[in-house]
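Reading through the structure tokens given below for one structure.
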Number of protein chains: 2
Amino acid sequence: MTSAAHSPATARKPTRQQVAVAELLERSDDFTSAQTVHARLREAGAGVGLATVYRTLQSMVDAGTVDVLRTDDGEAVYRACSTHHHHHLVCRACGRTVEVEGPAVEKWADSVAREHGFSGVTHTLEIFGTCADCT
Amino acid sequence: MTSAAHSPATARKPTRQQVAVAELLERSDDFTSAQTVHARLREAGAGVGLATVYRTLQSMVDAGTVDVLRTDDGEAVYRACSTHHHHHLVCRACGRTVEVEGPAVEKWADSVAREHGFSGVTHTLEIFGTCADCT
DNA sequence: TCTCAATATGAGAATGATTGTCAAAACCGT
DNA sequence: ACGGTTTTGACAATCATTCTCATATTGAGA
């Protein structure tokens, strides 16, 4: 039955908790960890269970409404993003993030993979640096 | 004085353990986790402590002789690589890895970052797909 | 070769993010 | 309001990684 038990369903009124997580992400401009989201919501009064934070974030990733990437020490961090394909330019110091696009890169990655006989190609690309304000 | 206490020193005869880890990585063609390295060495008889495996891998990363990246579930995986800058094309199914280069991409990443006022730019790029053998 | 000080090792404990469990709560259509 | 389904949340369980520290190894000099 490939049921969608657990994990917030696609077509269902979002719960208070789901809205809280989503809005918090909208408000913050940089990548945020699940633990931090949980802590911030708690501070803000409207507490949300840690497990629920993880579940909600995961379903948002699946739905494509947030991007996820891993910090150097392996922690997953999330950010509300535009839905079309893009990459991130992240400030190493303050965490400020800019979405960037590079059609040429997409094509390059695809063709290189094809040349080597790979199919079903995807890729990840992140750029890090120190932004003007932090220099 | 910013001593290099702990972590295999740079100019010191490599220990049996360090050699064991290095050779195991040389032999394997794809990215391997620290846990797996530890298990393989144990099977092979010449056991090496888990902490030592982690320490050795870390120092090899610092020395630039192995590349490290994170799997989707956050586990760190290591691979002996050529020392010049390159990226990886990884088979999602069997893990086989091909090193690829793309000068154009490097330039693109650099210039995009500069345009946004970022300095000290670095980037990560990995390509995933299913290789011919696994199709 | 013997000694000493510095460094490396390893077993096990500690850490910390993430996931699993499951009873209670919220929700929906009837 | 009722019954079935979905979601929540407190807490336990996992599991990779790091820390601790006593012991073993090494290298240079006497």
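Just so it is clear: chains get the letters A, B, ... in the order the sequence lines come, proteins before strands, and each one is counted from 1.
- In this model, a side-chain donor or acceptor of Arg55(A) finds a partner on the base of dG9(D) within 3.5 Å.
- As rounded to whole Å, 9 Å separates atom P of dT8(D) from atom CZ of Arg16(A).
- Between the C1' atom of dT20(D) and the CG atom of Leu50(B) lies a distance of 15 Å, rounded to the nearest Å.
- Inter-residue side-chain proximity for Leu89(A) and Thr97(A) is flagged as unmet; no heavy-atom pair is nearer than 4.5 Å.
- The shortest distance between the side-chain N/O atoms of Thr52(B) and the OP1/OP2 oxygens of dA8(C) is not below 4.0 Å.
- Judged purely by distance below 3.5 Å, without hydrogens or angles, the side chains of Gln17(A) and Thr56(A) never pair a donor atom with an acceptor atom.
- Rounded to whole Å, atom P of dA16(D) lies 17 Å from atom CD of Gln58(B).
- dG10(C) atom C1' lies 9 Å from atom NE2 of His38(B), rounded to whole Å.
- Going from atom CG of Asp73(B) over to atom P of dT14(D) covers 17 Å, rounded to whole Å.
- Rounded to whole angstrom, the span from the CG atom of Leu69(A) across to the P atom of dA17(C) amounts to 17 Å.
- Of the candidates dT18(D), dG9(D), dT7(D), the closest approach to any side-chain atom of Gln17(A) belongs to dG9(D).
- Each of Ala51(B) and Thr15(B) was assigned the nucleotide of DNA chain D with the nearest heavy atom; the assignment lying further toward the 5' end belongs to Ala51(B).
- Separating the OH atom of Tyr54(A) from the C1' atom of dT21(C) is a distance of 17 Å, rounded to the nearest angstrom.
- Around the CG atom of Asp30(B), the shell of radius 6.0 Å holds more than 12 heavy atoms that belong to other residues, nucleotides or ligands.
- Atoms CZ (Arg70(B)) and C1' (dT18(C)) sit 14 Å apart, rounded to a whole Å.
- Distance from the side chain of Lys13(B) is smallest for dG27(D) among the nucleotides dT9(C), dT18(D), dG27(D).
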How far apart are the C-alpha atoms of Glu101(B) and His85(B), what are their side-chain angles, what is the distance that settles it, and do they pass the side-chain contact (heavy atoms from CB on, under 4.5 Å) test? CA-CA 8 Å; Glu101(B) 295 178 56; His85(B) 186 75; over 6 Å; no
